[in-house]
Structure formats: structure tokens, C-alpha cells
**Q** 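Structure provided below as C-alpha cells; questions to follow.
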Amino acid sequence: MSSQFKTVAIAGGTGTLGYHIAEAFLNDGSYNLKILRRKPETENEKAKLLASKGAEIVYADYDQKDDLVKVLKGTDVFVSAVNGTSLYDTQVPLLAAAKEASVKRFIPSEFGGEFNKIGVNPLIDGKIKFREEVVKSGLEYTFIFTGLFQEFLGWFGFDVKNKKATFYADGNKKLHTTSLSDVGKYTVETLKMPEARNAVIKVAGATLSLNEYLQKFEEVSGEHYSTSFFSNAILFKNVGLIIIHS
Ligand SMILES: NC(=O)c1ccc[n+]([C@@H]2O[C@H](COP(=O)([O-])OP(=O)(O)OC[C@H]3O[C@@H](n4cnc5c(N)ncnc54)[C@H](OP(=O)(O)O)[C@@H]3O)[C@@H](O)[C@H]2O)c1
């Protein structure tokens with residue numbers, strides 16, 4: 001299926017996730033891709049690599065709306081893969097500029113678990129509040145929930161180097177996970193799916209219990225992992241947010 005969109009801008013396209021989204025758009029081959037970076041211009045190996053594969057690297061001062069609007073003119077889809085202490089404050093100027101530049105669709109920097117309750121974690125609060133702004137903006141949107149990035153299973157106590165697993169929750173608890181490259185591919189696919197317009201898209205490369213992830217780590221490495229259980233309410237509140245209660 002083809003997409004009605006031609007030009008995509010990715011803010012944060014040099015980041016841990018953004019780079020994989022950028023690669024997926026370049027591999028798809030149907031889009032003109034702009035990587036939006038913050039001024040001042042700085043050397044960046046990932047930006048160089050993406051430019052060598054055909055992306056245009058553009059810079060703007062995120063505090064200057066006119067500057068942002070100028071680089072976003074002609075963009076059909078804005079993908080935000082930025083990070084920062086407040087994903088609300090960081091993304092509000094990007095949304096305002098996208099609207100003024102007549103961007104058609106906005107995909108905010110979600111890419112985690114589906115959280116709807118304010119007050120659990122400041123990062124999540126920023127994401128929830130910003131989703132409301134995106135809906136209010138009148139731009140088309142897609143919210144993409146992916147669960148934990150598989151490359152981040154260390155956050156859940158899987159210590160590959162030392163072959164140790166520390167469970168912060170019951171080992172039977174299920175967890176959605178998706179690899180970074182698959183998050184990139186799913187993001188590209190949403191542009192071809194009519195049902196992704198003004199919608200929440202939930203994807204998962206795997207939904208397994210912590211015990212089952214442990215089994216996979218042991219199978220792949222051919223080594224036994226030592227396990228321990230560590231009940232830490234604060235840690236669980238931060239990292240355990242993504243755990244799905246089965
Ligand atoms: N589900 C999971 O397991 C998981 C794990 C990690 C992250 N995430 C989510 O994925 C998204 C991207 O995270 P990431 O770790 O890939 O990000 P990151 O690599 O830390 O940063 C991405 C890019 O954002 C830009 N940036 C950084 N700080 C900024 C600021 N204060 N204001 C504006 N732009 C800023 C930088 O680009 P330039 O310097 O080029 O402008 C940076 O390369 C976030 O929504 C994050 O919560 C999910």
C-alpha cells in the first residue's frame with residue numbers, strides 16, 4: 001500500500017530511537033526525509049550517515065517559531081523523536097510551528113507503554129499533556145505505543161554481561177517489547193494505513209513474561225542466569241510502568 005505523504009521531517013532523528021525511524025524511512029524509499037536538529041550546528045556521526053543515505057539535515061532554533069516554520073515548509077508529516085526533561089515544553093513549539101507550516105500529520109514522541117494516568121511519573125505526565133495539545137491542534141495525528149525497547153531490557157534487570165537477572169516484579173508479569181528497528185518500520189507503516197489517521201496504534205514485537213524473557217536470554221547465550229528478586233517500590237514506579245498486569 002502506498003502513502004499519500006511525500007516529505008517527512010524527524011525531530012531528534014539523530015537520537016537512540018530517531019535514528020532507527022530515519023533509517024526505516026530511507027529504506028522504504030518513498031519519502032523525502034529531513035532530519036531536524038537544534039541549532040547551533042554540531043558535528044554528528046549519525047547525521048553524517050543519514051545525509052550520506054539521502055536525508056537532508058536541517059537546523060532550527062526551537063525557540064524561534066519563524067525559524068522552525070521556515071525549515072518545515074513543504075513537510076507533510078512531522079515525527080517527533082525528541083527527548084528532554086519535559087516532553088510537553090519541548091514539543092509545544094514544534095507542534096505550533098508544524099501547524100503554521102501546514103504539516104498534515106503529527107506523530108509525537110511517545111514510543112513506550114500506553115499511559116493515561118497523570119501523576120505517576122513526570123516524563124509520562126508531559127507525554128499525556130502533550131497528546132491533548134496534539135488533538136486540540138486539529139492536525140492529523142498517530143500515537144504509537146510500543147512497550148519497552150528490547151535493547152532496554154537491562155532496565156528490567158537483565159544483565160547480559162554478568163548473566164544475572166534481577167526481578168523487580170513477579171516473574172509471571174507480562175511485558176510488551178519491540179526492537180528499535182521494528183519501531184522504525186512500524187512508524188513508516190502507519191502512514192500507509194487509513195486506520196492510523198487520528199488513532200492510537202499499539203504494536204509489540206513480543207509479549208512475554210519476565211520468566212519467558214529470561215528463558216530467551218538463556219537459550220540465546222547457552223548460559224544459565226542467576227536470578228534474584230528485589231522489591232524496590234521507587235524503582236518499580238519508574239521502570240515498572242510498562243509492565244502489563246496479566
Ligand atoms: N519504550 C522505551 O523503552 C523507551 C526507551 C527510551 C526512550 N523512549 C522514548 O523514545 C523517545 C526518544 O527517546 P531517545 O532515547 O531516542 O532520545 P535521545 O536519543 O535521548 O534524544 C533524541 C534527540 O532529541 C534531541 N534532543 C535532546 N534533548 C532535547 C531537548 N531538550 N529539546 C529538544 N530536542 C532535544 C537531540 O537531537 P538534536 O541534538 O539532533 O537536536 C537528540 O538526539 C522518547 O519519547 C522516549 O521517552 C522509550
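Note that these values count all heavy atoms, side chains included, but never hydrogens, waters or copies made by symmetry. Counting begins at 1 with the first residue of the sequence. Bear in mind that the values here come from a model prediction, so they are computed numbers and not experimental data. As the structure lists them, so they are numbered: ligands from 1, and atoms in each ligand from 1.
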**Q** Counting only heavy atoms closer than 4.0 Å, does ligand 1 sit against the backbone of Glu110, its side chain, both, or neither?
**A**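 The part of Glu110 near ligand 1 is the backbone, not the side chain.
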**Q** Which residue from Val82, Asn83, Leu87, Ile57 reaches closest to atom 29 (C) of ligand 1 through any of its heavy atoms?
**A** Asn83
**Q** Which one of Arg37, His20, His176 has a non-hydrogen atom at the shortest distance from atom 40 (O) of ligand 1?
**A** Arg37
**Q** Will you find, in the side chains of Ser209 and Asn211, an N or O donor that is under 3.5 Å from an N or O acceptor?
**A**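 Side-chain D/A pair, Ser209 to Asn211: absent.
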**Q** Return yes if some donor-acceptor pair links the side-chain N/O of Gln91 with the main-chain N/O of Pro108 below 3.5 Å, else return no.
**A**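 No, because the side chain of Gln91 does not come within donor-acceptor range (under 3.5 Å) of the backbone of Pro108.
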**Q** In terms of side-chain heavy atoms, does Thr75 have a donor or acceptor partner in Lys34 at a distance below 3.5 Å?
**A**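 Lys34 and Thr75 do have a side-chain donor-acceptor pair below 3.5 Å.
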**Q** Going by side-chain heavy atoms closer than 4.5 Å, which hydrophobic residues are tied to Leu94, directly or by a chain of links?
**A** Leu36, Val58, Tyr62, Leu68, Val71, Leu72, Phe78, Val82, Leu87, Tyr88, Val92, Leu95, Val103, Phe106, Leu123, Phe130, Val134, Val135, Leu139, Tyr141, Phe143, Phe145, Val200
**Q** Taking only non-hydrogen atoms of Gly13, do any sit less than 4.0 angstrom from ligand 1?
**A**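 Checking ligand 1 against Gly13, which is what was asked, there is no heavy-atom contact under 4.0 Å.
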**Q** Is the ring pair Tyr225/Phe217 parallel, tilted or perpendicular, if the boundaries are 30 and 60 degrees?
**A**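 Tilted.
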**Q** Only heavy atoms count here, so choose which of Ser86, Ser109, Ser80 is nearest to atom 45 (O) of ligand 1.
**A**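 Result: the heavy atom closest to atom 45 (O) of ligand 1 is in Ser109.
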**Q** Pull out every atom of ligand 1 sitting under 4.0 Å from any heavy atom of Gly112, numbered as shown with elements.
**A**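 Heavy-atom distances to Gly112 below 4.0 Å select 1 (N).
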**Q** For the backbone of Phe5 and the side chain of Lys104, can you confirm whether one donor and one acceptor N or O come within less than 3.5 Å of each other?
**A** no
**Q** Select one of side chain, backbone, both or neither to describe which atoms of Phe149 lie under 4.0 Å from any atom of ligand 1, heavy atoms only.
**A**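 Phe149 to ligand 1: contacts from backbone and side chain alike.
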**Q** Does Thr177 have a heavy atom less than 4.0 Å from any atom of ligand 1?
**A**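 No; Thr177 lies far enough from ligand 1 that no heavy-atom distance drops under 4.0 Å.
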**Q** Have a look at Thr207 and tell me which of Glu212, Lys174, His176 forms a side-chain hydrogen bond (donor to acceptor under 3.5 Å, both in side chains) with it.
**A**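 Testing each of Glu212, Lys174, His176 against Thr207, the sole residue satisfying side-chain hydrogen bond (donor to acceptor under 3.5 Å, both in side chains) is His176.
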**Q** So is there a nitrogen or oxygen of Arg38 less than 3.5 Å from a nitrogen or oxygen in ligand 1?
**A**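 Yes - when backbone and side-chain N and O of Arg38 are compared with those of ligand 1, one distance drops under 3.5 Å.
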**Q** Purely on distance, is any nitrogen or oxygen of Thr14 under 3.5 Å from one on ligand 1?
**A** yes
**Q** Under 3.5 Å, N or O to N or O, is Leu17 touching ligand 1 that way?
**A**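 Checking ligand 1 against Leu17, an N or O pair does fall under 3.5 Å apart.
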**Q** Taking only heavy atoms of Trp155, which atoms of ligand 1 are found under 4.0 Å from at least one of them?
**A** 5 (C), 6 (C)
**Q** Heavy-atom distances under 4.0 Å decide this one: backbone, side chain, both or neither, for Ala81 against ligand 1?
**A**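 Contact part for Ala81 vs ligand 1: backbone (N, CA, C, O).
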**Q** Would Gly84 count as being in polar contact with ligand 1, using the rule that some N or O on each side must be under 3.5 angstrom apart?
**A**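 Gly84 vs ligand 1: no N/O contact under 3.5 Å.
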**Q** Counting only N and O atoms by type, is there a donor-acceptor contact under 3.5 Å from the side chain of Asp125 to the main-chain atoms of Ile118?
**A**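 Flag not set: sc Asp125 to bb Ile118 has no pair under 3.5 Å.
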**Q** Could you tell me which residues satisfy side-chain hydrogen bond (donor to acceptor under 3.5 Å, both in side chains) with Asn44, sequence neighbours excluded, listed by chain and number?
**A** none
**Q** Heavy-atom pairs closer than 4.0 Å: do any link ligand 1 to the side chain of Thr90, the backbone, both, or neither?
**A** side chain
**Q** Can you find an N or O of Leu123 that's nearer than 3.5 Å to an N or O of ligand 1?
**A**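 No, Leu123 has no N/O under 3.5 Å of an N/O on ligand 1.
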**Q** Using every non-hydrogen atom in the two residues, find where Phe149 and Leu17 come nearest and quote the distance to one decimal.
**A** CZ-CD2, 3.8 Å
**Q** Look only at the side chain of Thr142 and the backbone of Ala196, and say whether a donor-acceptor pair between them is shorter than 3.5 Å.
**A**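 Side chain of Thr142 to backbone of Ala196, a donor-acceptor pair under 3.5 Å: yes, one is there.
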**Q** Only heavy atoms of Gly15, strictly under 4.0 Å: list the atoms of ligand 1 that pass.
**A** 19 (O), 22 (C), 43 (O)
**Q** Can you find a non-hydrogen atom of Tyr19 under 4.0 Å from ligand 1?
**A**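 Not so, Tyr19 does not reach ligand 1.
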